[in-house]
Q: 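Sharing a structure, written as structure tokens. Questions coming.
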Amino acid sequence: LVRTNGQGRYDLHELVRQYAFEQLVASGEVDLVRQRHHATYLQLFRTGDSHLRGPEAATWFARLGAEQDNLRAAFQWALDAARYADIAWLVVAANWYWTVTGQWYEAGWWLARLLPYRAALTSDLRLAILICISFFARAMDEFPPADQLTDELMQSLESGTSKLLHAPAWYFVAIQSQDFSKAADAYERSIAAARAAGEAPSLGPEFCLFTDLDFLLVTNLWGYATFLIERGEVARAEPLLTESLKLYKASDNQYE
């Protein structure tokens, strides 16, 4: 009844799958199995995220890419069950995978479903989700205007406790600003927050990308340097780029 597909994955004939699901429904354990399924794929994507910025990135991108249907099923169960924190944690776990693979619409669709319920999340989780929304908002028309998102992000910065979250939050404030001095100030705040995060209480590993201190610092240094170069401030950008490259190489990062 169970077969392999030649790629190391197990499968069922569709009629067997339908019969098995009927029996699962009859057992009254559908929700329990869905919950376990969600927990399994949440853990897989959390584990995968920890490898996506290192030397094993290609292997893990391929492994996570094969699980997109399972990821969507986990999201759908959490949405149908109105378990909005469970949706948010999946977003955090899949965030970097979506970013690198260019799945903006996919990310935007699930974030748009979560958007009306963001106020129910804990302060740090809500701030993490707002950062994700700020990045993927251009993929969907359902999101508030950029200025409104920035205002909400700034308000959440006051209630968020982790300096690690302040670093990407200020980074997205910077890239959305049309004013040079305000953008430069936000970039400098993002770098200062990333540096200070090493001395402050950190987030738990469930925050995935947002706990990668070196990567956050490197990204903020590189982003500010690029911003300065585009405006002719090459001398100011050079030490930022030098430090960024040094940190990339030290961490064996694959995105230098």
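Computation of the quantities below employed the complete heavy-atom set of this structure, encompassing side-chain atoms and omitting hydrogens, waters and symmetry-equivalent molecules. Everything numeric in this text was worked out from a predicted model, so none of it was measured. Count residues from 1 along the sequence.
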Q: How many angstroms lie between atom CD of Glu243 and atom CG of Leu240, to the nearest 0.5 angstrom?
A: 7.5 Å
Q: Whether Glu14 and Arg3 form a salt bridge (side-chain N of Lys/Arg under 4.0 Å from carboxylate O of Asp/Glu) is what I want to check.
A: no
Q: Could you give me the CA-CA distance, side-chain angles and deciding distance for Phe210 and Leu164, then say whether side chain to side chain contact (heavy atoms under 4.5 Å, CB included) is met?
A: CA-CA 6 Å; Phe210 299 118; Leu164 274 171; 5.6 Å; no
Q: Using the rule that Ile, Leu, Val, Met, Phe, Trp and Tyr join whenever any side-chain heavy atoms are under 4.5 Å apart, tell me whether Val16 and Val33 fall into a single cluster.
A: no
Q: Show your reasoning for whether side chain to side chain contact (heavy atoms under 4.5 Å, CB included) applies to Val91 and Trp98.
A: CA-CA 9 Å; Val91 166; Trp98 281 333; 4.2 Å; yes
Q: Whether Asp214 and Arg53 form a salt bridge (side-chain N of Lys/Arg under 4.0 Å from carboxylate O of Asp/Glu) is what I want to check.
A: no
Q: How far does OH of Tyr84 sit from CG of Leu121, to the nearest 0.5 angstrom?
A: 11.0 Å
Q: Say you draw a straight line from CG of Asp212 to CG of Asp49; how long is it, rounded to the nearest 0.5 Å?
A: 8.0 Å
Q: Would Thr219 and Leu216 count as a side chain to side chain contact (heavy atoms under 4.5 Å, CB included) here? Give the steps.
A: CA-CA 5 Å; Thr219 300; Leu216 292 177; 5.8 Å; no
Q: Indicate the atoms forming the closest heavy-atom contact of Ala193 with His166, along with that distance.
A: CB-CB, 3.8 Å
Q: Is the CD atom of Gln178 crowded by more than 12 outside heavy atoms at less than 6.0 Å?
A: no
Q: With rounding to the nearest 0.5 angstrom, report the OG1 to CD1 distance, Thr226 to Ile175.
A: 11.5 Å
Q: Any non-hydrogen side-chain atom of Leu71 less than 4.5 Å from a side-chain atom of Trp110?
A: no
Q: Can you confirm whether more than 12 heavy atoms, excluding those of Leu1, are under 6.0 Å from its CG atom?
A: no
Q: Side chains of Ser134 and Thr150, heavy atoms from C-beta outward: is any pair under 4.5 Å?
A: no
Q: Is a side-chain donor or acceptor of Asp11 paired with a backbone partner of Thr4 at a separation under 3.5 angstrom?
A: no
Q: Ring centres under 6.0 Å, that's the criterion: do Phe215 and Trp96 meet it?
A: yes
Q: Do Leu217 and Leu247 touch side chain to side chain, with heavy atoms closer than 4.5 Å?
A: yes
Q: Under the ring-ring contact (aromatic ring centres under 6.0 Å, His included) definition, can you give me all pairs with a residue in residues 168-192, not counting sequence neighbours?
A: Phe135-Phe172, Tyr171-Tyr187, Phe180-Phe227, Tyr187-Tyr224, Tyr187-Phe227
Q: If we ignore hydrogens and angles and just use 3.5 Å, is the side chain of Ser244 paired with the main-chain N or O of Leu241 as donor and acceptor?
A: no
Q: Compare all side-chain heavy atoms of Leu79 with those of Gln76 and state whether any distance is below 4.5 angstrom.
A: yes
Q: Where is the tightest heavy-atom contact between Asn220 and Ala167, given as atom of each residue plus distance?
A: ND2-O, 3.5 Å
Q: Report the distance from atom CZ of Arg36 to atom OG1 of Thr40, rounding to the nearest 0.5 Å.
A: 9.0 Å
Q: Inspect the contact between Glu67 and Arg9 and indicate whether a charged nitrogen and a carboxylate oxygen are less than 4.0 angstrom apart.
A: yes
Q: Indicate the atoms forming the closest heavy-atom contact of Ala128 with Val92, along with that distance.
A: CB-CG2, 4.3 Å
Q: Checking the side chain of Thr47 only, and the main-chain atoms of Gln43 only, is there a donor and an acceptor separated by less than 3.5 Å?
A: yes
Q: Is the shortest distance from a Lys or Arg side-chain nitrogen in Glu230 or Arg236 to a carboxylate oxygen in the other one below 4.0 Å?
A: no
Q: Minimum heavy-atom separation for Ser177 to Ala183, with atom names?
A: OG-N, 3.6 Å
Q: Are Tyr19 and Leu15 joined in one hydrophobic group, where the rule is that I, L, V, M, F, W and Y side chains link up if heavy atoms are under 4.5 Å apart?
A: no
Q: Can you check whether Val218 reaches Tyr248 side chain to side chain, under 4.5 Å on heavy atoms?
A: yes
Q: Taking all non-hydrogen atoms of both residues into account, name the closest pair between Thr101 and Tyr97 and its distance.
A: OG1-O, 2.6 Å
Q: For Arg118, enumerate each residue passing the salt bridge (charged side-chain N to carboxylate O under 4.0 Å, His left out) test, keeping only those at least two apart in sequence or located in another chain.
A: Glu152
Q: Does any pair with a residue in residues 37-57 pass ring-ring contact (aromatic ring centres under 6.0 Å, His included), and if so which ones, sequence neighbours excluded?
A: His37-Tyr41, His38-Trp77, His51-Trp60
Q: Could you verify whether a donor N or O on one side chain and an acceptor N or O on the other, from Asp179 and Ser181, lie under 3.5 Å apart?
A: yes
Q: Which residue pairs pass the salt bridge (charged side-chain N to carboxylate O under 4.0 Å, His left out) test when at least one of the two sits in residues 105-114, sequence neighbours left out?
A: Arg72-Glu106, Arg113-Glu142
Q: Identify whether the distance between the nearest side-chain nitrogen and carboxylate oxygen of Asp86 and Arg83 falls below 4.0 Å.
A: yes
Q: Hey, would you say the Phe75 and Trp89 ring centroids sit under 6.0 Å apart?
A: no
Q: Quick one: closest heavy-atom pair of Leu127 and Ala169, and the distance?
A: CD1-CB, 4.3 Å
Q: Is it the case that atom CD in Glu238 sees more than 12 heavy atoms from other parts of the structure closer than 6.0 Å?
A: no
Q: Once rounded to the nearest 0.5 Å, what's the spacing between atom CG of Leu213 and atom CZ of Arg195?
A: 10.0 Å
Q: If you define the side chain from C-beta out and look only at heavy atoms, does anything of Asn95 sit under 4.5 Å from Cys208?
A: no
Q: Mark yes or no for whether Arg46, through its side chain, and Ala93, through its backbone, hold a donor-acceptor pair below 3.5 Å.
A: no
Q: I'd like to check Ile87 versus Leu90 (side-chain heavy atoms, cut-off strictly below 4.5 Å). Are they in contact?
A: no
Q: Applying a strict under-4.5 Å side-chain criterion to I, L, V, M, F, W and Y, I'd like to know whether Leu64 and Val100 cluster together.
A: yes
Q: What residues form a salt bridge (charged side-chain N to carboxylate O under 4.0 Å, His left out) with Asp80, not counting sequence neighbours?
A: none
Q: Measuring only between side-chain heavy atoms, which start at C-beta, is Cys132 closer than 4.5 Å to Leu111?
A: yes
Q: Report whether Ile131 and Met154 are members of the same hydrophobic cluster (ILVMFWY, side-chain heavy atoms less than 4.5 Å apart, transitive linking).
A: yes
Q: Who passes salt bridge (charged side-chain N to carboxylate O under 4.0 Å, His left out) against Asp185, sequence neighbours left out?
A: Arg189
